[in-house]
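Here the structure comes first, spelled out in structure tokens, and everything after it is commentary.
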Amino acid sequence: MSIGKKIAHKAEAMKGGAKKRTGRATGNRRLQAEGRGDQVKGSVKQAGAKIKDAFKH
């Protein structure tokens with residue numbers, strides 16, 4: 001997996017975390033849920049990349 005994709009997946013997870021914290025701070029449940037979803041999506045992509053790399057070597 002390219003370093004660019006790894007960075008993109010990490011950035012997506014971090015962006016989701018920021019959205020979640022912002023939603024929690026402002027009391028916006030929709031933003032909080034959206035952030036949680038983005039965070040999970042980024043984490044799953046990272047895990048998939050790690051598995052792919054493990055079988056590649």
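Along the sequence shown, residues are numbered consecutively beginning with 1.
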Item to complete: Check side chain to side chain contact (heavy atoms under 4.5 Å, CB included) between Arg21 and all other residues, then give those that pass, not counting sequence neighbours.
Response: Ala18

Discussion item. Enumerate the salt bridge (Lys or Arg N to Asp or Glu O under 4.0 Å) contacts for residues 30-43, please, sequence neighbours excluded, ordered by first and then second residue.
Written reply: Glu12-Lys41, Lys19-Glu34, Lys19-Asp38, Arg30-Glu34

Worksheet entry | Spatial distance of atom CE (Met14) from atom OG (Ser43) [nearest 0.5 Å] | 11.5 Å

Practice prompt. For residues Ala13 and Gln39, report the shortest heavy-atom separation together with the two atoms involved.
Written response: O-CG, 3.6 Å

Item to complete: Find the distance between NZ (Lys52) and NZ (Lys45) and round it off to the nearest 0.5 Å.
Response: 12.0 Å

Discussion item. Could you measure the distance from the CD1 atom of Ile3 to the NZ atom of Lys6? Nearest 0.5 Å is fine.
Written reply: 5.5 Å

